[in-house]
Participant: 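Pasting a structure below so you can have a look.
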Amino acid sequence: MTLVGRESVLDILNKALRRCVPGEARTVLVEGAAGCGKSELLDAFAERASEAGALALSAVGSTAERTLPLGVMRQLVACAGPWTLPAPEADDEPPRAAAMHAFSAALRGLTPRTPVVACVDDLHLVDDASLCYLAHILRHARSAAFLLVGSAPLHDCGQHRDFRTELLRRGNITRVRLERFTPDQTAAALADRGRPARTERLVTALHTCSGGNPLLLRALTEEYEWAAPQTAPQAAVGRQPTSDASDASDTSDAPDTPDTSDPHFPAPDGLFVAAVESCLRRSGPGAFEVAQALAAVDSDITDHDLARLVGLPLPDVTRSLASITAAGIVEHRRFRHPVVAATLLDRADPADRARLHRRAAEVLHTAGKPCTVVAAHLMAARQEGAELPDHVWATDLLREAAEHLVDQNISQQAAALLELAHDITADVQQRAEIKTRLAAITWRFNPSRAEQHLSSPLDLLRAGELAAERLTPLAAVLVRQGRVAEAREVREVHRRELGEASEYTVAVLDAEDATPDEGVDWRLSDGCRDDDAARGERFLRNVTLQDGTLLPLARAVRTLIYSEQPERAVTWCHRWAQDAARHNAPAWQAVFATLHAEALLRLGDLSGAEQQALLALDHLPQRSGNAFAGSPTAFLIRARTIMGRHAEAAAQLEQPVPETLFRSVHGLDYLYARGLHWLATGHLRAALADFLEVGRLTQEWGMDRPSFLAWRGDAAETFLRLGDQQRAEKLILEQMATPDARGSWVRGTSLRLRAALQPSRQRPPLLHQAVDELRKSGDRVELARALADLGQALSEAGDAARAGAFSRQAWGLAESCGAHMLRNRILPHAHAPAPAHTHTHAHAQSEAGPAASASAPAPVPAPQESAASDTEYRLSESERRVATLAARGYTNRQISRELYITVSTVEQHLTRVYRKLDITRRQDLPADLQLAAQ
């Protein structure tokens with residue numbers, strides 16, 4: 001393989017041999033980088049010279065025999081045969097002139113009969129005494145048929161400089177240079193091995209990886225050919241499909257292109273890496289150390305900085321760099337294959353690696369390299385056990401690099417850099433500031449760890465030692481994490497220390513979290529008006545997701561939920577969850593999955609809410625170790641409670657929760673959900689305690705919004721079931737007096753509860769209003785409850801026909817939502833078999849609403865099947881589908897999305913349905929349609 005492309009060099013050597021035959025001594029110096037085939041060339045020429053009748057003598061210089069006097073001369077004498085040449089004498093240092101003259105005379109005596117060719121490989125490693133002999137021969141055998149062929153490194157390492165100077169002084173010397181293979185020569189060398197034809201891609205890959213160095217190419221090819229049959233799937237990696245006809249026809253039995261990213265090829269302990277190490281050690285002193293430094297740095301670096309890094313003189317480093325570049329091991333100061341760099345570092349002593357990385361950080365920092373590059377070396381040095389000094393530049397640089405990584409959505413590495421910065425600085429205030437920033441960044445992927453990071457800043461705060469300038473960032477992070485009680489602590493310290501009248505806003509719903517980059521200053525208004533949703537949508541369209549905008553975005557989505565636009569909130573949750581995934585921020589994904597679950601609960605999609613709550617928990621590495629998990633857990637409990645799966649909800653409540661939960665906004669969600677579970681399962685006192693605690697905290701924290709947590713209504717329902725109508729009425733009237741009562745959902749649920757306080761005859765009008773409001777809100781579960789209460793109120797009033805219609809509508813809504821306990825309470829004789837996962841409970845009867853009592857009349861019986869058939873017979877298929885959904889409480893817009901038709905078409909279908917059934921409004925649609933459609 002290594003003689004491919006060397007024909008011109010062999011011609012030069014043959015010509016030199018022919019010219020020396022008449023008695024004209026010649027010298028040929030073959031120069032080349034390590035691995036470029038100098039030894040093989042000299043061996044091949046010595047064999048050809050012998051075949052041509054010359055006396056071929058061969059010797060090799062080596063590091064091991066560099067101090068052995070006349071070692072190379074003895075090799076040459078041995079090649080000549082017994083008694084052909086006298087043994088060289090070296091009694092003195094340097095050798096005596098008489099001994100060298102005698103040897104030279106004996107050599108000249110051979111040349112009249114036959115030319116003498118002396119091939120000496122690695123002249124730079126020949127012992128000094130042998131070099132003296134060779135120089136003497138060249139000076140005194142000018143008319144002899146003598147040819148000296150020597151090989152030497154391409155770049156002079158200084159060990160044979162005097163001898164090379166002696167050679168260059170003579171006019172009978174020829175210098176030839178061995179270059180690395182070109183791509184065409186690589187292809188010819190591979191074909192010369194007698195293997196099956198290779199594809200062009202394979203030749204290109206092998207040439208690129210080896211740099212055309214013959215030794216490296218041979219090692220790489222042999223390793224590849226040995227590994228390919230045994231690791232065929234890996235060896236074929238990198239083959240790309242192509243429509244090129246020439247590529248399609250280029251097939252062979254040999255495996256295709258090796259993948260340079262494949263960790264199995266070349267192997268760290270394989271032939272290729274061993275050949276690279278051999279070339280490095282043969283490239284002169286310091287070459288291996290320079291290569292290790294390049295492997296560690298892996299970036300552009302000047303010769304001067306490289307010399308500082310390895311601690312060698314600049315000329316030595318320049319020569320070593322030129323040598324390993326000429327050998328094809330590196331290109332543009334980077335290794336051609338990453339496995340070489342990795343192996344060189346791995347095989348270094350850990351202490352040496354640590355010193356190398358630490359020194360690299362200092363050198364590169366001084367050279368003005370990017371902060372992320374320098375920070376990587378500081379991190380690597382610490383991982384190897386190095387002690388890093390408390391330098392201000394190192395701490396500041398690590399923090400700057402962390403922010404760069406955050407901008408690139410590489411949050412976990414950014415957090416690691418900040419932790420290192422925290423460890424190496426002794427400044428207590430700076431450590432607290434770093435921990436605060438760590439909490440903000442870590443929250444993207446591990447909320448539990450993020451909450452732990454705030455422990456030390458909070459300890460400093462409570463000890464009165466946290467500097468005033470650290471208060472604002474700490475408060476902002478606490479607000480983003482929903483830790484309301486602790487954020488209030490910071491606010492109080494801020495007031496006390498700075499005497500400012502302005503407050504930190506700590507409520508998640510009412511907080512202003514300015515985003516200067518976007519010029520946004522937006523908050524949820526005091527009411528739930530139509531323009532709230534419009535402003536929220538504008539905000540969602542114009543802001544990008546980042547640390548500072550996460551909370552406002554979540555607040556905007558919640559505004560849509562509580563402004564009677566939960567279906568729009570669902571759309572935005574899906575979009576922002578995808579954006580969070582692109583940011584590699586699983587905790588952000590959990591935020592939007594949690595909001596998604598909340599929106600679906602408001603729509604009455606219990607199964608969807610359950611799935612989104614579980615998805616949010618799946619995004620959290622430690623579900624029980626952080627306060628934020630309380631919110632998705634709460635919505636999971638609420639969904640399962642309404643579905644009647646009380647045992648599963650109870651199991652969720654039995655899971656441990658962190659002590660920080662109940663000092664956060666997420667604790668409010670959790671307490672509220674637990675209260676609903678206690679209420680549904682008949683634990684009325686426990687439910688009341690949770691609802692009242694929610695009320696106390698929301699009032700204390702400035703978050704008392706019925707559209708957010710309607711604790712008054714649920715506490716009122718609990719009081720009703722405990723028989724305390726006076727306190728129940730007080731709470732309901734308070735709720736109806738809030739600005740949020742202008743919204744359909746708060747007003748509708750309040751009217752349903754207020755109706756339960758009225759005499760039987762006065763209930764239907766209030767419940768009719770409640771039904772109308774809840775239809776507009778989109779909450780199908782609450783609508784089903786109001787319809788059920790209306791049906792029961794009409795039944796008590798003696799209007800059995802209308803009572804049955806409303807009860808059946810309520811049943812259909814409850815069934816479509818999966819609210820099985822509510823469905824069974826409404827029409828126990830009409831329910832379908834429960835799903836396999838539905839659990840029974842000893843307190844199942846407690847699902848009954850406030851209007852239910854022990855003396856309640858018997859449920860309205862289920863309609864007969866023939867009624868549904870008669871109704872359907874009069875309606876077309878399209879009309880029946882629209883009427884069925886309308887009877888279930890769907891709005892025209894929801895029906896259009898469900899059936900993929902326009903709102904106008906829905907209205908036209910309903911007009912024809914009303915005419916055929918002789919009714920004037922959707923409330924009069926027969927519930928038979930729902931039952932027939934199950």
Participant: Arg663 and Glu659: which non-hydrogen atoms are nearest, and at how many Å?
Facilitator: NH1-O, 3.7 Å
Participant: Examine distances only and state if a side-chain atom of Thr549 and a backbone atom of Thr544 form a donor-acceptor pair shorter than 3.5 Å.
Facilitator: yes
Participant: What I'd like to find out is whether the side chain of Leu420 reaches to under 4.5 Å of the side chain of Leu388, using heavy atoms alone.
Facilitator: yes
Participant: Give the minimum heavy-atom separation between Pro447 and Trp443, together with the two atoms involved.
Facilitator: CB-NE1, 3.8 Å
Participant: Does any N or O in the side chain of Gln429 come within less than 3.5 Å of the main-chain N or O of Glu465, such that one atom is a donor and the other an acceptor?
Facilitator: yes
Participant: Do Ser563 side-chain atoms and Gln565 backbone N/O form a donor-acceptor pair below 3.5 Å?
Facilitator: no
Participant: Quick one: closest heavy-atom pair of Ala414 and Ile441, and the distance?
Facilitator: CB-CG2, 4.4 Å
Participant: Using a 4.5 Å cut-off on heavy atoms from C-beta on, say whether the side chain of Val570 contacts that of Asp605.
Facilitator: no
Participant: Determine whether Glu451 and Glu486 make a side-chain contact, defined as any pair of heavy atoms from C-beta on separated by less than 4.5 Å.
Facilitator: no
Participant: Any donor-acceptor pair under 3.5 Å linking the side chain of Thr208 with the backbone of Thr204?
Facilitator: yes
Participant: Mark yes or no for whether Arg333, through its side chain, and Ile301, through its backbone, hold a donor-acceptor pair below 3.5 Å.
Facilitator: yes
Participant: Look only at the side chain of Glu384 and the backbone of Arg353, and say whether a donor-acceptor pair between them is shorter than 3.5 Å.
Facilitator: no
Participant: Please report the shortest heavy-atom distance between Leu617 and Ala629, naming the atom on each side.
Facilitator: CD2-O, 4.0 Å
Participant: Say whether, by atom type as modelled, one donor and one acceptor occur between the side chain of Arg358 and the main chain of Glu387 under 3.5 angstrom.
Facilitator: yes
Participant: Is any side-chain heavy atom of Asp305 closer than 4.5 Å to one of Leu364?
Facilitator: no
Participant: Apply salt bridge (Lys or Arg N to Asp or Glu O under 4.0 Å) to residues Arg462 and Glu489 and explain how you reach the verdict.
Facilitator: CA-CA 9 Å; Arg462 290 158 186 160; Glu489 287 185 58; 3.0 Å; yes
Participant: I'd like to know if the side chain of Arg602 and the backbone of Tyr562 have a donor-acceptor N/O pair within less than 3.5 Å.
Facilitator: no
Participant: Side-chain atoms of residues 338-350: list all donor-acceptor pairs with protein atoms under 3.5 Å, sequence neighbours left out, distances to 0.1 Å.
Facilitator:
{"unit_1": "Thr343", "atom_1": "OG1", "unit_2": "Val339", "atom_2": "O", "d": "2.6"}
{"unit_1": "Arg347", "atom_1": "NH1", "unit_2": "Glu277", "atom_2": "OE1", "d": "2.9"}
{"unit_1": "Arg347", "atom_1": "NH1", "unit_2": "Glu277", "atom_2": "OE2", "d": "2.9"}
{"unit_1": "Arg347", "atom_1": "NH2", "unit_2": "Pro268", "atom_2": "O", "d": "2.7"}
{"unit_1": "Asp349", "atom_1": "OD2", "unit_2": "Ala351", "atom_2": "N", "d": "2.9"}

Participant: State the CG-CG distance between Leu417 and Leu398, to the nearest 0.5 angstrom.
Facilitator: 6.0 Å
Participant: Output all residues satisfying side chain to side chain contact (heavy atoms under 4.5 Å, CB included) with Asp579, sequence neighbours left out; order by chain, then residue number.
Facilitator: Leu545, Trp576, Arg582, His583
Participant: Please tabulate, one pair per line, all N/O donor-acceptor pairs under 3.5 Å involving side-chain atoms of residues 369-381, not counting sequence neighbours.
Facilitator:
{"unit_1": "Lys369", "atom_1": "NZ", "unit_2": "Asp300", "atom_2": "O", "d": "2.9"}
{"unit_1": "His377", "atom_1": "ND1", "unit_2": "His357", "atom_2": "ND1", "d": "3.1"}

Participant: Can you see which heavy atom on Phe272 is nearest to which on Cys209, and at what distance?
Facilitator: CZ-O, 3.7 Å
Participant: Would you mind checking if Asp669 and Arg558 are paired as a salt bridge, meaning a charged N to carboxylate O distance below 4.0 Å?
Facilitator: yes
Participant: Could you check whether Glu419 pairs with Arg449 (Lys NZ or Arg NE/NH1/NH2 to Asp/Glu carboxylate O, under 4.0 Å)?
Facilitator: yes
Participant: Does the side chain of Arg470 come within less than 4.5 Å of Pro457's, by heavy atoms?
Facilitator: no
Participant: Give a yes or no on whether the backbone of Arg538 and the side-chain of Asn542 come within a donor-acceptor separation of less than 3.5 Å.
Facilitator: yes
Participant: Only counting residues at least two apart or in another chain, list the ones meeting ring-ring contact (aromatic ring centres under 6.0 Å, His included) with Phe635.
Facilitator: none
Participant: Kindly state each residue pair satisfying salt bridge (charged side-chain N to carboxylate O under 4.0 Å, His left out) with at least one member in residues 403-412, sequence neighbours excluded.
Facilitator: Glu403-Arg437
Participant: Check side-chain hydrogen bond (donor to acceptor under 3.5 Å, both in side chains) between Asp423 and all other residues, then give those that pass, not counting sequence neighbours.
Facilitator: none
Participant: Of all the heavy-atom pairs spanning Ala590 and Phe628, show the shortest one and how long it is.
Facilitator: CB-CE2, 3.7 Å
Participant: Could you check Ser411 against Asn584 for side chain to side chain contact (heavy atoms under 4.5 Å, CB included), going step by step and ending with a plain yes or no?
Facilitator: CA-CA 8 Å; Ser411 305; Asn584 297 318; 5.8 Å; no
